[in-house]
Amino acid sequence: MTGVADFQHSMLAAIPHLRAFAIGLCGKTDGADDLVQETLVRAWANKTAFQPGTNLMAWLYTILRNAFYTEFRKRRHEVADPDGQFALSLASRPSQESHIEFQDFRAALAKLPDDQREALLLVGSSGLSYEEAAQICDCALGTMKSRVYRARTRLGAMLSVGSTVHQDASWDAVVEGASSASLVDH
């Protein structure tokens, strides 16, 4: 081949043969057409690497075959998800919210009076019974129950426990909206 024009003419003449080979590899005409196009783009970009006097068809077949296996290796790690349901199933609540909520809980717990915080930690966190906690704190059983009740009530008021339902509902609305949007987009 003497020049770029001869190289271009030879590449164009090879297209039907490349397409037949690509259909044999892919099994689909759409994929084969994409593969032939990728082959021609790579060949044109690397035309200086082709040595005149060698077999152009063999060189193009090699490029096509390598492009096919490269694409195959990439795609075997992908999951077919045309309707977006698999991606939607991977949605999870953001973890930073729970971390912030825990920090808020610790701050609110520190604001409780010492006797209430102690009672709540013994019964709620340590898993002791009211009787065991009352013995540890050297107080009456009714006093221990009262301290735990007041601590829970005060914590609930400080943390606005009712608003977490709205946060969960808003997250669910976001996920639902994303699933509706993904169905509309496709």
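For this chain, numbers begin at 1 and follow the sequence in order.
Note that the CD atom of E132 and the OG atom of S126 stand 10.5 Å from one another [nearest 0.5 Å]. Between the OH atom in Y130 and the CD atom in Q135 there is a gap of 15.5 Å [rounded to 0.5 Å]. The line from CD of Q116 to CD of E118 is 11.5 Å long, rounded to the nearest 0.5 Å. The CZ atom of R152 lies 10.0 Å from the CG atom of L155; values are rounded to the nearest 0.5 Å. Note that CG of L121 is 5.0 Å distant from CG of L109, once rounded to the nearest 0.5 Å. In this structure, NZ in K145 is found 11.0 Å from OG1 in T143, a value given to the nearest 0.5 Å.
By the 4.5 Å heavy-atom criterion applied to side chains, L120 and S125 are not counted as neighbours. Between M57 and S10, every side-chain heavy-atom pair lies at or beyond the 4.5 Å cut-off. In this structure, T153 and R150 have side chains that are not in contact, with every pair of non-hydrogen atoms separated by 4.5 Å or more. When side chains are defined from C-beta on, W59 does not count as touching T54, because their heavy atoms never get closer than 4.5 Å. The side-chain heavy atoms of L35 and E71, taken from C-beta on, include no pair separated by under 4.5 Å. At least one side-chain heavy atom of M158 sits under 4.5 Å from a side-chain heavy atom of L112. Using a 4.5 Å heavy-atom cutoff, the side chains of L40 and I63 are not in contact. Using a 4.5 Å heavy-atom cutoff, the side chains of L25 and F21 are in contact.
Within a 6.0 Å radius of CD in Q103, other residues, nucleotides and ligands contribute more than 12 heavy atoms. Crowding of R65 atom CZ: a count of heavy atoms from other residues, nucleotides or ligands under 6.0 Å not exceeding 12. The neighbour count for N55 CG, taken as heavy atoms of other residues, nucleotides or ligands under 6.0 Å away, is above 12.
Pairing each heavy atom of C26 with each of A32, the nearest pair is SG-N, 3.9 Å. Between W44 and V4, the shortest heavy-atom contact is CH2-CG1, 3.6 Å. In terms of heavy atoms, F105 sits closest to L159 at CD1-CD1, 3.8 Å. Residues L64 and L18 share a closest heavy-atom pair of CD1-O, 3.7 Å. M144 and A119 make their closest contact through SD-CB, 3.4 Å (heavy atoms, listed as atom of the first residue, atom of the second, distance).
Linking ILVMFWY residues whenever their side-chain heavy atoms come closer than 4.5 Å, directly or via other members, places L141 and V148 in the same cluster. Follow the hydrophobic side-chain contacts under 4.5 Å out from V36 and you never reach I23; the two are in separate clusters.
Pairs passing the salt bridge (charged side-chain N to carboxylate O under 4.0 Å, His left out) check and including a residue from residues 22-40, sequence neighbours excluded, read R19-D33, E38-R42.
Ring planes of Y69 and F72: perpendicular class, angle over 60° (limits at 30 and 60°).
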Fill in: Stepwise side-chain contact (heavy atoms from CB on, under 4.5 Å) check, F7 with L56
CA-CA 9 Å; F7 182 79; L56 178 66; 3.7 Å; yes
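Between the S146 side chain and the G142 main chain, no donor and acceptor come within less than 3.5 Å of each other.
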